[in-house]
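Side chains included, hydrogens not; waters and symmetry mates left out as well; all remaining heavy atoms used. The structure presented is a predicted model; accordingly, all values stated were derived computationally and were not measured. Atoms within each ligand, like the ligands themselves, are counted from 1 in listed order.
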Amino acid sequence: MYLSTHFRTHNCGILNISNVGETVCLSGWVATLRDFGGLSFIDLRDRYGITQLSFNMENNVFLSEAARSYGREYVIQAKGKVVERSNKNPKIPTGEIEILVEELTLINASETPPFTIEDNTDGGEELRMKYRYLDIRRPLLSERLILRAKMIKAMREYLDERSFIEIETPNLIKSTPEGARDFLVPSRMQKGSFYALPQSPQIMKQLLMVAGMDRYYQVVKCFRDEDFRGDRQPEFTQLDCEMSYVSQNDVLNTFEGLTKHVYKKIMNVDLPDFQRLKYADAIKFYGSDKPDLRFDCKIVDLLSENVIKNSSFPLFLSAEENKQIISGINANGCAAYSRKQTDELVEFVKAPHRGLGGLIQIKFNEDGSVKSSADKFFNEDQLREIGLLFNATKGDLILIVVDREAKVRKALGDLRLEIAKKQNWLKKDSWSVLWIVDFPLFEKDEESGETIFVHHPFCAPHPEDLQYIDSEPLRCRAQQYDMVMNGWECLSGSIRIHERELQNKIFQKLGMDEKEIEERFGFMINAFRYGAPPHGGCAFGIDRWVALFANADAIRDVIAFPKNNGGRDIMMDAPSVVDSKQLKDLGIKFEF
Ligand code: ASP
């Protein structure tokens with residue numbers, strides 16, 4: 001690596017025993033200073049690591065005193081000899097050597113930083129966000145940004161080798177619907193008109209296919225003005241891709257290949273071929289369209305089982321009439337849960353957003369006995385028969401719920417994850433990567449009752465289901481797919497509609513009249529008049545994928561300058577008020 005010799009001959013992470021005897025020059029930040037009277041040491045830090053500088057009063061009083069006067073985060077330059085350390089530190093690559101300093105320059109002083117710049121810092125989240133540039137000096141954070149860059153490089157490598165072309169698309173555009181609210185940018189030249197920031201380059205990349213670019217990708221910022229929900233950022237990064245003349249299979253194979261390439265290159269993991277799980281089965285067996293399959297624990301449906309039908313349990317007997325289902329999971333190895341632990345599970349399914357009435361428990365104890373919270377209604381043989389349906393063995397805990405299907409699946413999906421967390425089944429270094437295919441094309445909006453799209457309005461219907469598009473639109477599946485990594489949706493995509501008439505029809509199904517279609521999507525529909533090729537693609541959520549590899553809890557931990565939970569950049573203090581002149585130029589009047 002080239003380094004300007006004016007400031008340094010090496011970085012702080014590179015010197016080792018093979019450099020002993022060399023005279024070197026390093027620049028960096030004072031990470032720590034240890035003063036033992038006659039001897040003192042500075043740990044000098046830069047992005048690459050830490051090197052110990054050593055000062056000996058006997059050798060050079062002047063230098064030793066200068067070193068002692070420095071504070072944390074001072075920027076200094078040190079010249080000296082590399083020597084073998086007597087007290088080695090096997091934890092760092094430079095731990096066998098130190099620099100006997102002969103020349104020292106203070107380049108820039110620093111105020112005492114508001115938190116310690118170490119992986120185990122004393123700074124709270126908000127404080128670190130405010131001083132993000134200091135936070136990034138912590139190796140934990142800088143390493144994440146480096147990991148991010150390496151991952152993106154590996155993605156580009158794979159795509160470049162396969163004739164994909166990186167093309168930039170504009171940020172000031174007309175709204176692209178991805179189901180969120182747009183960020184709007186007022187136009188000064190045309191007062192009262194607005195650009196939208198792209199929720200994704202979806203329409204642009206489709207138009208690039210019409211334009212004949214054949215294989216496109218872009219590492220791109222997307223903007224969605226959503227209320228804070230879990231792990232979201234108003235701006236985030238996608239690896240956005242599109243291909244012409246492809247079937248769903250072609251797209252899945254291409255991006256399965258990309259994913260395997262990145263796993264191998266970055267984590268040295270050889271992923272097996274990905275399972276392709278139908279959306280309907282994901283919901284049926286795992287209660288989620290992004291199931292974490294690092295562990296199995298499938299939902300078992302019991303309603304039609306004789307042992308249930310023949311029981312005297314009123315809740316079970318009235319289920320069918322009440323349009324309810326009876327289903328459960330086997331929490332392997334949890335029979336020894338205490339009363340307190342099982343009560344917590346009961347509370348978990350009763351939480352308002354899950355809204356179940358309770359949880360029936362059957363314990364298959366290690367001593368061979370069987371105990372149930374509904375003992376009154378079942379004899380032991382019946383309980384064992386139920387156990388067989390779950391393949392229960394000694395030590396297992398069966399958990400059963402009764403309610404409407406959607407509630408049951410959601411609650412059991414959540415419960416299987418909760419148990420996995422408690423039982424430590426979610427191993428950080430094990431990977432479950434799979435495809436979810438055959439999503440529904442439309443769904444009913446719970447609040448308005450209107451038909452809305454599941455992904456976006458450009459997804460092609462499943463060819464077998466085109467026949468239902470007018471009669472039973474909700475029955476229509478889409479040629480849409482997601483990739484799920486350890487329970488996180490990391491990619492979404494679809495084969496697109498490329499015929500004008502069909503696209504028009506879908507817009508109409510979504511409640512748009514001709515005028516609205518023309519206003520919002522006229523340019524796109526028009527492009528489809530000029531020979532649009534069949535095409536499809538996808539977008540990876542880069543932040544999520546990096547967070548997963550970095551073992552970070554939230555995507556903001558892998559973004560250089562993220563927003564906080566309320567969508568604020570607290571370092572820059574944005575959003576902020578602007579002066580009235582700016583507003584006047586834009587023709588905007590505020591009434592508070
Ligand atoms: N534009 C889509 C999204 O942002 C991805 C795709 O369908 O390619 O989710």
Ligand 1 contact on Ala539 by region, counting heavy-atom pairs under 4.0 Å = both
query = Looking at ligand 1, does Gln206 have a heavy atom less than 4.0 Å from it?
reply = no
query = Does Lys191 reach the main-chain N or O of Asp585 with its side chain, forming a donor-acceptor pair under 3.5 Å?
reply = yes
request  = Using the six-membered ring wherever Trp is involved, compare the ring planes of Tyr131 and Phe115 and label them parallel, tilted or perpendicular (cut-offs 30° and 60°).
outcome  = perpendicular
query = What is the ring orientation for Phe274 with Trp435, classed by angle as parallel under 30°, tilted 30 to 60°, or perpendicular over 60°?
reply = tilted
ask   = Parallel under 30°, tilted from 30 to 60°, perpendicular over 60°: which one fits the rings of Trp431 and Phe549?
value = perpendicular
Residue Gln202 vicinity, atoms of ligand 1 by number, heavy atom under 4.0 Å = 1 (N), 2 (C), 5 (C), 6 (C), 7 (O), 8 (O)
query = Does even one non-hydrogen atom of Lys205 get within less than 4.0 Å of ligand 1?
reply = yes
inquiry  = Suppose we measure from atom 9 (O) of ligand 1 to each protein heavy atom; which comes out shortest, and what is that distance?
reply    = His455 CE1, 3.3 Å
key: Nearest neighbour in protein (non-hydrogen) for atom 2 (C) of ligand 1   = Glu178 OE2, 3.4 Å
ask   = Between Lys205 and Ser200, is any pair of side-chain heavy atoms under 4.5 Å apart?
value = no
query = Looking only at heavy atoms, is any part of Arg496 under 4.0 Å from ligand 1, and if so is it the side chain, the backbone, or both, or is it neither?
reply = side chain
Any N or O of Gln199 closer than 3.5 Å to N or O of ligand 1 = no
ask   = Looking at ligand 1, does any of its N/O atoms fall within less than 3.5 Å of an N/O of Gln238?
value = yes
ask   = For ligand 1, which atoms have a heavy atom of Arg224 less than 4.0 angstrom away?
value = 3 (C), 4 (O)
request  = Could you tell me which residues satisfy ring-ring contact (aromatic ring centres under 6.0 Å, His included) with Phe540, sequence neighbours excluded, listed by chain and number?
outcome  = Trp545
inquiry  = If you measure every N or O of Glu242 against every N or O of ligand 1, does any of those distances drop under 3.5 Å?
reply    = no
ask   = Taking all non-hydrogen atoms of both residues, which atom of Val408 and which atom of Val402 are closest, and how far apart?
value = CG2-C, 4.1 Å
inquiry  = Under 4.0 Å from a heavy atom of Gly493: which atoms of ligand 1 are those, numbered in the order shown and with their elements?
reply    = 6 (C), 7 (O)
inquiry  = According to ring-ring contact (aromatic ring centres under 6.0 Å, His included), who are the partners of Phe183, at least two apart in sequence or on a separate chain?
reply    = none
